[in-house]
Every structure is written in structure tokens, then in C-alpha cells.
2 protein chains.
Amino acid sequence: MKKYLEILKKCPLFDGIEDSNLLKMLVCLGAKTDFYDKKYTVLSEATPAKYIGVVLSGSVQVIQIDYYGNRSILSGLGAGEVFAEAFACAEIGSMPVSVIANEPCEIMMIDSSHILHTCQNNCGFHQRLIYNLMKDLATKTIMFHQRIEVTSKRTTRDKLLTYLMLQAKKAGSNSFDIPFDRQELADYLEVERSGLSSEIGKLRREGILESEKKHFILY
Amino acid sequence: MKKYLEILKKCPLFDGIEDSNLLKMLVCLGAKTDFYDKKYTVLSEATPAKYIGVVLSGSVQVIQIDYYGNRSILSGLGAGEVFAEAFACAEIGSMPVSVIANEPCEIMMIDSSHILHTCQNNCGFHQRLIYNLMKDLATKTIMFHQRIEVTSKRTTRDKLLTYLMLQAKKAGSNSFDIPFDRQELADYLEVERSGLSSEIGKLRREGILESEKKHFILY
DNA sequence: AAAAGTCTGTTGAATTTTCAACATAAGGAG
DNA sequence: CTCCTTATGTTGAAAATTCAACAGACTTTT
């Protein structure tokens with residue numbers, strides 16, 4: 001676990017907790033880590049929502065698949081980011097989404113009951129963890145607002161441009177990489193891949209953007 | 001404030017706090033209440049995100065309006081429900097959405113810094129409030145997941161049926177009321193009102209549902 | 001009671017998306 | 001290096017949505 005200390009320090013769940021205490025605390029919380037290969041299901045829909053996950057290396061995607069087989073990508077998460085915390089904290093019983101490895105990755109899982117229900121005198125960091133969870137969930141809520149701002153647009157073109165402008169703003173530059181390939185971007189924007197590709201082509205011909213795989217430049 | 005005690009007791013923000021302490025605590029937090037007429041803007045986009053709101057009576061809607069003037073309804077909230085907590089807790093500076101009164105209502109506002117930053121020794125309930133905020137935000141996150149489950153459907157018909165089935169499940173009956181009129185439902189589902197109306201007509205003729213204004217029966 | 005305004009449903013034309021199929025390029029496995 | 005798989009772009013027809021306009025039912029106002 002020690003080798004991931006730098007990642008853990010950046011994880012919002014452990015904000016304000018000193019290095020010297022962090023590893024001890026993880027032992028106290030019974031944190032377990034595992035490796036997953038690309039495409040492996042880390043947490044699957046309808047299984048108990050007990051664990052809070054932290055990406056130590058690689059990346060995962062939170063997805064939902066409906067009865068027609070259409071995939072929605074709810075979010076893509078990289079090293080230091082937290083997932084499934086909302087389901088564990090809300091204590092809703094079972095997972096309404098699946099989490100899959102987007103590339104080979106190492107994941108740390110913490111049983112949420114150790115954070116939510118253990119007597120708070122056992123370990124002085126529970127209060128801070130709850131505060132951090134609250135901050136993290138507030139941030140996630142805002143991410144969902146942004147996602148809705150994107151997907152509420154009615155045309156593929158507007159969805160794409162709204163998304164790209166947000167990414168450019170986030171990157172602080174009109175030249176940036178996105179974390180999705182074309183099919184994934186289509187599933188995030190909730191449009192057809194073919195329509196998305198053709199819209200990118202149009203925007204390119206109109207001189208509004210340039211793109212090379214996952215790299216985009218907006219003009 | 002006393003007259004709203006029953007409402008406040010149901011508010012997730014005040015879970016686990018005894019009646020006798022609740023009113024004292026609200027004074028300590030500097031909670032203020034105001035009346036708003038229908039359509040009045042309670043909190044407007046781009047203003048500072050300082051306050052956590054609680055609906056005491058009536059109802060409000062959280063909305064977002066884009067540069068084309070298209071309205072998206074992010075959520076509708078009734079008595080006892082909390083709003084704007086995510087923006088205040090994430091300390092993002094300014095509101096990315098507006099909150100408007102859906103009918104005449106009374107609203108309680110709490111300056112979030114009194115919860116997040118006041119020394120926790122001042123008032124023994126801060127820890128509990130933070131825990132409650134965390135739970136509330138986890139629940140909100142799950143609501144957004146449901147909303148995405150609905151709006152990720154590609155056709156008006158599928159969006160509508162997915163929404164109605166969730167409402168029926170929530171009501172525990174195939175006969176239930178929805179909190180939206182037609183235009184609002186269209187703005188929530190992110191479809192055209194006219195297309196929505198015609199789809200409801202089709203479903204009625206097919207014998208899949210009956211509807212009378214805001215009341216629906218699913219078969 | 002009449003007038004004005006709001007809500008809902010309907011329609012048809014224009015626009016856009018979806019769907020299915022194929023072509024090419026790029027990358028990985030053997 | 002070649003084969004196989006995956007990712008991306010393109011196309012055209014079918015399907016669905018959007019848009020604008022209007023009519024009827026209901027409410028609210030005066």
C-alpha cells in the first residue's frame with residue numbers, strides 16, 4: 001500500500017489526514033486491494049452496495065446497461081478517485097450500476113460500515129472521513145449537474161460542443177485530451193456513435209475543431 | 001418556526017436531533033425564513049452559493065436555462081426537502097442553477113459556513129449535521145442516477161415509460177400522481193412538449209395507460 | 001358573465017437521429 | 001509479416017423529434 005501513498009494523499013477521501021496516520025487508518029478500516037484486468041467487472045449491478053472503492057492505478061468506468069442493451073457511461077474515474085460511495089453511504093442495499101476496469105488497474109475497497117457505523121471513539125479519523133465523504137459527494141453532485149447540462153441539449157452537435165467546451169475549460173486550454181474513445185463518448189453524450197463521428201467530421205470541415213483520436217483542439 | 005416543527009423533524013438534515021434542541025440549534029445556525037410567491041426566484045444562477053435551503057411549505061424547482069432559452073428541470077422539491085446543499089458544501093463559489101418557487105412557499109435558509117466552518121465546539125450538533133448532509137448528498141446522487149436512467153433513453157416513449165414506472169414503484173401503486181404538468185414533464189424528460197402529449201395520447205389509445213392531468217394509471 | 005390567459009392535445013413539414021452496412025486504418029497476436 | 005480484431009468514418013433509408021401553428025377545455029381576472 002505504501003507505494004500508493006502519493007495517490008492516496010491526493011484522494012479527496014483522505015484530505016487532512018497525515019501521512020503517518022493514513023496507513024494505520026487503512027488497516028483499521030480493513031481496506032483491501034485487488035488487481036483487475038481490462039474489462040473486468042469490479043462491482044456489478046444488483047450486488048450489495050457495501051464497498052467504497054478507490055482507484056489506485058489505471059481507470060474504471062461507472063456504467064448502466066438497460067434492458068435493450070444500451071450502455072450509458074455515468075463517469076470515468078482515474079487514479080485517486082473514489083467510486084460507489086453514494087450507494088454505500090445511502091445504504092440502498094444493492095448497486096444500481098456496474099463498475100468496470102477500463103484498463104488494468106489496482107483498486108482499494110473499504111467496507112462502508114467501518115466508516116459509517118463503527119463507534120467513533122475507536123479511531124479518531126471517522127469524523128474527518130465523514131466530512132471528506134460529504135465534500136466528495138457534493139463534488140459528485142456538481143459533476144452530475146454538468147453532465148445533465150451536456151445531455152440536456154437536443155442535438156448531437158450541441159451535446160458535443162457543450163461537452164468539449166467544458167473539457168477545454170477544465171483543461172484551461174483549447175487543446176486537450178478527452179478520457180473517452182468514440183463509442184464511449186457517444187455513450188456518455190447519449191447519442192449514436194455513427195452520428196457522433198459524422199458530426200465531428202462536419203465540425204472539422206467547418207473549421208470549428210481539429211481532432212486526432214482522443215485529442216481535440218477547439219477554435 | 002415552531003409551527004414547522006413537524007416538517008423539520010422529517011427533514012433529513014435534522015435526523016437524530018431532538019425536538020428540544022432543534023429550535024435552539026436553528027437559532028445558533030442563524031437560520032432565516034422567507035415567503036416567496038409562485039414563480040419567484042429563490043436563488044438565482046451565478047449568485048454566490050452560500051446558503052442551504054429547506055422547503056418549509058409549498059414547493060420549488062431547481063432549473064437550468066441554456067443560451068437558447070431551453071429550460072431543464074433538475075428536480076422538484078416539496079416540504080421538508082433540502083436544496084442547494086451541494087453547491088454550498090462543495091464551496092464552488094457561484095450557483096450553476098436557479099431555484100424558483102413552484103407555488104407560494106416558505107423557505108428556510110442556513111448560511112453553510114455556519115455548518116462547515118464554525119468551530120465544532122460551539123454547538124454539539126455540527127458533527128451530526130455533517131453526517132446528515134453526507135447522507136442527504138448520497139441520496140441526491142442516487143436521484144441523479146435515476147434521472148440519467150430516464151433521460152438516457154433515446155425515444156420520448158421510452159423516457160416517459162421509464163419515468164412512469166419509477167414513479168409507480170415509488171408510489172407503490174400503478175395509480176399515482178406526478179409532480180409536473182406537461183411542460184414541466186417535457187423539461188424533465190428533455191423532450192418536446194408536443195411530442196410528449198402525442199406520445200401520451202398513443203399510449204392511452206394502446207391501453208397502456210390512462211391519464212387525467214397529473215394523475216396516471218399504468219396497465 | 002365576459003375576456004384574457006394557461007394548459008393540453010393534434011397535426012404536418014422540416015430537421016435530426018437512428019440503424020444497418022460497409023470501408024479503411026490502426027493495433028495486437030501469433 | 002500476416003491475420004485478426006478493434007476503432008473510426010461514411011452513407012442512405014427509415015424512424016423519431018422538433019418546430020410552428022392552431023383548437024378546445026379550463027382558470028383566473030376584471
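What you are looking at is a predicted structure, and each value in this text was computed from that prediction instead of being measured. Letters go in sequence order (proteins before strands), and every chain restarts at 1.
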[X] [atom1] to [N] [atom2], straight-line distance once rounded to whole Å:
X: B/Lys202; N: C/dT10; atom1: NZ; atom2: P; answer: 11 Å
X: B/Leu160; N: D/dT17; atom1: CG; atom2: P; answer: 11 Å
X: A/Gln183; N: C/dA26; atom1: CD; atom2: C1'; answer: 17 Å
X: A/Glu184; N: D/dT6; atom1: CD; atom2: C1'; answer: 12 Å
X: B/Leu185; N: C/dC7; atom1: CG; atom2: P; answer: 14 Å
X: A/Glu192; N: C/dA20; atom1: CD; atom2: C1'; answer: 10 Å
X: B/Leu189; N: D/dT17; atom1: CG; atom2: P; answer: 12 Å
X: B/Ile200; N: C/dC7; atom1: CD1; atom2: P; answer: 15 Å

Check: Looking at A/Leu74 and A/Tyr188, what are the two nearest heavy atoms and their distance?
Finding: O-CE1, 4.2 Å

Notebook entry, point to check: Of B/Glu190 and A/Lys214, whose nearest nucleotide on DNA chain D comes first from the 5' end?
Noted result: A/Lys214

Next item on the list: Would you please classify the geometry between the B/Phe87 ring and the A/His145 ring as parallel, tilted or perpendicular, with 30° and 60° separating the classes?
Entry: perpendicular

Margin query: Let's test your reading of the model: under 3.5 Å, does the base of D/dG9 pair with the side chain of A/Arg193 as donor and acceptor?
Written below: yes

Does [N] have OP1 or OP2 under 4.0 Å away from a side-chain N or O of [X]?
X: A/Ser198; N: D/dT10; answer: no
X: A/Arg182; N: D/dG9; answer: yes
X: A/Lys153; N: C/dT16; answer: no

Notebook entry, point to check: Just by distance, with hydrogens left out, do A/Ser197 and A/Arg182 show a side-chain donor and acceptor under 3.5 Å apart?
Noted result: no

Sugar-phosphate, base or nothing in reach of [X], heavy atoms under 4.0 Å:
X: B/Thr156; answer: sugar-phosphate
X: A/Arg154; answer: sugar-phosphate
X: B/Thr155; answer: sugar-phosphate

Notebook entry, point to check: Backbone N or O of A/Leu43 within a donor-acceptor pair of the A/Thr47 side chain at under 3.5 Å?
Noted result: no

Checklist line | DNA chain C: 5'-proximal contact among B/Asp181 and A/Lys213 (nearest heavy atom) | finding: B/Asp181

Notebook entry, point to check: Is B/Lys135 salt-bridged to B/Asp15, going by a charged N under 4.0 Å from an acidic O?
Noted result: no

